[in-house]
Amino acid sequence: MGNRELSASEQQRLLRRGVAEIIVEEELARLLEAGRPLRLKQGFDPSCPDIHLGHVVGLRKLRQFQELGHQVILIVGDWTAQIGDPSGESATRPMLSPEEVRTNAETYLKQFFKVVDRDKTKVVWQSEWFGKFDLSDVISLTSKFTVAQMLAREDFAKRHAAGRPIALTELLYPLLQAYDSVMIKADVEFGGTDQKFNCLVGRELQQMAGQPPQQVFLVPLLLGTDGSQKMSKSLGNYIAIDEPPNEIYGKVMSIPDDLMMDYFELLTDVPDEELKQFRGELAAQSVNPMELKKRLAWEIVALFHTAAAAKEAEAEFERVVQKREVSVHISETVGIRDSVSVVQYREIANWLVSRQLVKSISEVKRLIAQGAVQIIHEDGSRHVVSEGSVQIRPGDVVQYGKRRFVRIINTDKETEA
RNA sequence: GGCGGGGUGGGUGAGUGGCUAAUACCAGCAGACUGUAAAUCUGCCGCCCGAAGGGCUACGUAGGUUCGAAUCCUACCCCCGCCA
């Protein structure tokens, strides 16, 4: 509501930092200056509900716009979800039941509002309009475009040239997304650079419908933890925002050094001047990259949890990874009856497998053979488990692998499960 | 309607009768090292028993040929491209 004047520096931040492309930049700037609350379009497919850092880049931009009084219209793509975004590889996806769509959407929204301001967001479902669509509507929508126009999209063109399949429904995808823009009278559509084509179709369709075309605000695609491909769930190189602090912290620490500055720029509020300083230090090798990365990990954890949680995650990282000490967060336990027990290595293996901490007995054996299983006594002394028997007592910790632990506790009766 | 290609372990993808639990790459795991869960190096990477070794299950599905099949035959299911 209360629109504030847009200072030059705010505008700079909004339109420059972490932005890949704005179409049409001058027009967006003019809209911002006019001061009218803008309708910001953001869509998502409830086929894959988890939000990861790759999505956050754009969501943070939405947030920044909201802070200036603008309104987010979030579109639940319950129809497009059935097609599957063709910018991915695989064409066909299983149809989701309405039930699945609803639960996915709920999960998504919960995470979405960790970043975006709920009070300045309106949630609408595609089925509000596509639910009433009939064949004549489909024909009239599709008749507005040609195959050649659709093949202008790079990934369609590539696949077509390579003789790889393109489903008819995939061609429909940009049209449906564009139609959303018409229905909500979007002023600006947000997306990653891979959304460019779809957003541009939206502009055309809006004009055909007699509306002013939306501006398109594209953010860069964030690379995943592997440092080479864009962050995505299917590639397994993602950091989800609902992961626990230790996980987020550790995963950030595992990104390649040269990705750090991108992450800083796209995901944090660390001021530009400071980033400039970091770059200088890195170039001059006057700082250990690890120290900067720890700062980054801290910032990102704090974004989705709290500063205190970030601090604790950092402490845990230093403890477990850097100093190779025992984690203070051991939730798994094994109960034994006596104050001292002599157990066969097989029994330890059974503990781990029965608790589903390790997939199979074979795998535990491999771990043992590789010297990865240790008993850590309370005085800190360690005993590497090999085949044969080993003495344990309550209070000991079994470490299996780099950072996985089970604590031995005393129980009177057997604790199973 | 016609012609052709294909379905292999989490992924990509080799393998056309025994040397194949199945090349290679990616992912994953472990160890070493280190400036990090980075990088690098080494090893592991179906399940079960085991000291070595052995057993079981697996290459779309179901049968068949063979001492022996992911590999040959038959039927079926599924996917894709091209031409019309």
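First the proteins, then the strands, lettered A, B, ... as listed; each starts at 1. Only this structure's heavy atoms are used, side chains among them; waters, hydrogens and symmetry mates stay out. Everything quoted here is computed from the prediction, not taken from an experiment.
Proximity note for A:R404 (side chain, C-beta onward) versus B:C49, B:A30, B:C47: the nearest is B:A30. Of the listed nucleotides (B:G81, B:C49, B:A37), B:G81 has the atom at the smallest distance from the side chain of A:P165. Among the nucleotides B:C29, B:U36, B:C49, the one closest to the side chain of A:Q322 is B:U36. Here the side chain of A:K359 is nearest to one of B:C47, B:A30, B:A51, namely B:C47.
A gap of 14 Å separates the P atoms of B:A58 and B:A21, to the nearest Å. Distance noted for atom P between B:A51 and B:A62: 36 Å (whole Å). Nucleotides B:C80 and B:G10 place their C1' atoms 23 Å apart, quoted to the nearest Å. For the P atoms, the distance from B:G28 to B:A38 is 9 Å, rounded to whole Å. Atom name P, nucleotides B:U20 and B:G54: the rounded distance is 15 Å, in whole Å. The P atoms of B:A69 and B:C76 are separated by 24 Å, rounded to the nearest whole Å. The same atom, C1', is picked in B:G63 and in B:C77; the two are 14 Å apart, to the nearest Å. For the P atoms, the distance from B:A14 to B:G9 is 13 Å, rounded to whole Å.
Near-neighbour residues of RNA chain B inside residues 279-295 of chain A, defined by a heavy atom below 4.0 Å, number-ordered: A:N288, A:P289, A:M290, A:K293.
OP1 or OP2 of B:G31 lies within a sub-4.0 Å distance of a side-chain N or O belonging to A:K402. For B:A38, the OP1/OP2 oxygens have no side-chain nitrogen or oxygen of A:S254 closer than 4.0 Å. For B:C45, neither phosphate oxygen OP1 nor OP2 lies less than 4.0 angstrom from any side-chain nitrogen or oxygen of A:S362. Phosphate contact (OP1/OP2 of B:G31, side-chain N/O of A:R366, threshold under 4.0 Å): absent.
Judged by Watson-Crick or G-U wobble contacts below 3.5 Å, the nucleotide B:U66 has no partner. The pairing partner recorded for B:G1 is B:C83, the criterion being a Watson-Crick or G-U wobble arrangement whose two distances lie under 3.5 angstrom. Shown here, B:G31 forms a base pair with B:C41; the pair counts as Watson-Crick or G-U wobble because both key distances fall under 3.5 Å. B:C25 is paired with B:G11 under the criterion used here, namely a Watson-Crick or G-U wobble arrangement in which both key atom distances are under 3.5 Å. Applying the Watson-Crick and G-U wobble criteria (two distances, each under 3.5 Å), B:C76 pairs with B:G60. Using the Watson-Crick or G-U wobble rule with both distances under 3.5 Å, B:A51 pairs with nothing in any strand shown.
Within 6.0 Å of the CD atom in A:E291, the count of heavy atoms belonging to other residues, nucleotides or ligands exceeds 12.
Residues A:K311 and A:E316 are not paired through a salt bridge, judged by the lack of any N-O separation under 4.0 Å between the basic side chain and the carboxylate. The residues A:K41 and A:D187 are annotated as not salt-bridged, no charged nitrogen and carboxylate oxygen being separated by less than 4.0 angstrom. Salt-bridge check for A:E312 with A:R319: passed, with a basic side-chain N closer than 4.0 Å to an acidic carboxylate O. Salt bridge status for A:R203 with A:E189: absent, with no side-chain N to carboxylate O gap under 4.0 Å.
For A:R153 and A:F156, the positive end sits near the middle of the six-membered ring, less than 6.0 Å away and at most 45° from its axis. Under the 6.0 Å distance and 45° angle rule, A:K294 does not count as a cation-pi partner of A:Y249.
Whole-Å rounding puts the A:E363 CD to B:C47 C1' distance at 12 Å. If you measure from atom OH of A:Y263 to atom C1' of B:A38, you get 13 Å, rounded to the nearest angstrom. Regarding A:R319, its CZ atom lies at a distance of 17 Å from the P atom of B:U36, rounded to whole Å. Rounded to whole Å, atom P of B:U36 lies 18 Å from atom CG of A:N246. What separates CZ of A:R164 from C1' of B:C79 is a distance of 15 Å, to the nearest Å. Atom CD1 in A:I166 sits roughly 18 Å away from atom P in B:C79 (whole-Å rounding). In this entry the distance linking NZ of A:K251 with C1' of B:G28 reads 13 Å, nearest Å. Atom CG of A:L296 is separated from atom C1' of B:A38 by 13 Å (rounded to the nearest Å).
Residue A:Y249 is out of contact with every strand shown, counting any heavy-atom pair closer than 4.0 Å. Contact annotation for A:G236: no contact, since no heavy-atom pair falls under 4.0 Å across all strands. Among the heavy atoms of the strands lying under 4.0 Å from A:R324 is at least one base atom, whether or not backbone atoms are also near.
Nearest-nucleotide positions on RNA chain B place A:G371 closer to the 5' end than the other of A:D257 and A:G371. When each of A:Y400 and A:Y345 is assigned the nucleotide of RNA chain B with its nearest heavy atom, A:Y400 is the one assigned upstream, toward the 5' end.
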Pair A:R279-A:E265, salt bridge (charged side-chain N to carboxylate O under 4.0 Å, His left out): steps then yes or no: CA-CA 11 Å; A:R279 284 199 179 87; A:E265 184 172 342; 3.1 Å; yes

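If you look at A:F65 and A:F217, their ring centroids are closer than 6.0 Å.
Taking the six-membered ring where the residue is Trp, A:F133 and A:Y179 present perpendicular rings, their angle passing 60° and hence far from 30°.
One cannot find a donor-acceptor pair under 3.5 Å joining the base of B:G31 and the side-chain atoms of A:Q370.
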